[in-house]
Amino acid sequence: MAIIITDECINCDACVSECPNNAIYEPDQEWSYSDETSLSGIVTSLDGKEIDADAENAPVSDEFYFIVSDKCTECKGFHDEPQCASVCPVDCCVPDEANVETEDRLLQKKAWMHGE
């Protein structure tokens, strides 16, 4: 299950530097799969879709920080718990009930993004 940032976010940016996948972005910021990962050019996603890892994608939110669910691994393989949630002063980094993934899937996503 990926983590989401709720609208209670105060835009403090404490979570950004904690994310090992660079999955957290500022409000209204474009994002790409290649940001701080080993992905580059045309790659095949874990779902079998071809994507341009370098393409700039539309921001998920223009009001508060957001997490790109396709890049979030809940810090599996890096830490024992999601680091964004552990440092958030207002507890707005919460499990995304609409995006449930197994630990195996999260570890596969980590390996895919970091070339392991």
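- Grouping the Ile, Leu, Val, Met, Phe, Trp and Tyr side chains by contacts below 4.5 angstrom, directly or via other members, places Val60 apart from Ile24.
- Side-chain contact check for Lys71 versus Trp31: some heavy-atom pair is nearer than 4.5 Å.
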Can Glu101 and Lys109 be said to form a side-chain contact (heavy atoms from CB on, under 4.5 Å), step by step? CA-CA 10 Å; Glu101 296 173 291; Lys109 192 189 307 185; 3.0 Å; yes

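- Residue Asn57 holds its CG atom at 8.5 Å from CG of Asp52, rounded to the nearest 0.5 Å.
- Using a 4.5 Å cut-off on side-chain heavy atoms (C-beta onward), Lys110 and Leu106 make no contact.
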Asp54 vs Ser34, test: side chain to side chain donor-acceptor pair (under 3.5 Å). Steps then yes/no. CA-CA 5 Å; Asp54 301 313; Ser34 63; 3.1 Å; yes

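- Within the model, atoms CG of Asn99 and SG of Cys72 stand 8.0 Å from one another, a figure rounded to the nearest 0.5 Å.
- A salt bridge does not link Lys76 with Asp104: none of the charged nitrogens is closer than 4.0 Å to a carboxylate oxygen.
- How far CD of Gln29 is from OH of Tyr65: 8.5 Å, rounded to the nearest 0.5 Å.
- For the pair Glu30/Pro59, a side-chain contact is recorded, criterion being any heavy-atom separation below 4.5 Å from C-beta on.
- Using a 4.5 Å heavy-atom cutoff, the side chains of Thr73 and Leu107 are not in contact.
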Is there a side-chain contact (heavy atoms from CB on, under 4.5 Å) between His114 and Asn21 once you walk through the steps? CA-CA 8 Å; His114 298 285; Asn21 299 313; 2.7 Å; yes

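- A distance of 12.5 Å separates SG in Cys15 from OH in Tyr25, rounded to the nearest 0.5 Å.
- Contact record, Val43 with Ser40: CG1-O, 3.6 Å, taken as the closest heavy-atom pair.
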For side-chain contact (heavy atoms from CB on, under 4.5 Å), just list the numbers for Arg105 and Leu46, CA-CA rounded to whole Å, side-chain angles, deciding distance to a tenth of an Å, and then say yes or no. CA-CA 9 Å; Arg105 178 67 171 199; Leu46 294 176; 3.7 Å; yes

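- Between Pro20 and Cys75, some side-chain heavy-atom pair lies under the 4.5 Å cut-off.
- Interatomic distance, OG of Ser69 versus CD1 of Ile3, reported as 11.0 Å (0.5 Å rounding).
- One finds the CG atom of Asp70 at 7.0 Å from the CH2 atom of Trp112 (value rounded to the nearest 0.5 Å).
- Between Phe66 and Ile5, every side-chain heavy-atom pair lies at or beyond the 4.5 Å cut-off.
- Side-chain contact check for Ile51 versus Tyr33: some heavy-atom pair is nearer than 4.5 Å.
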Check the pair Glu63 / Asp7 against side-chain contact (heavy atoms from CB on, under 4.5 Å), numbers first and verdict last. CA-CA 8 Å; Glu63 297 177 33; Asp7 59 5; 6.0 Å; no

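- The shortest side-chain heavy-atom distance between Pro89 and Cys12 falls under the 4.5 Å cut-off.
- Between the side chain of Glu50 and the backbone N or O of Gly48, no donor-acceptor pair lies under 3.5 Å.
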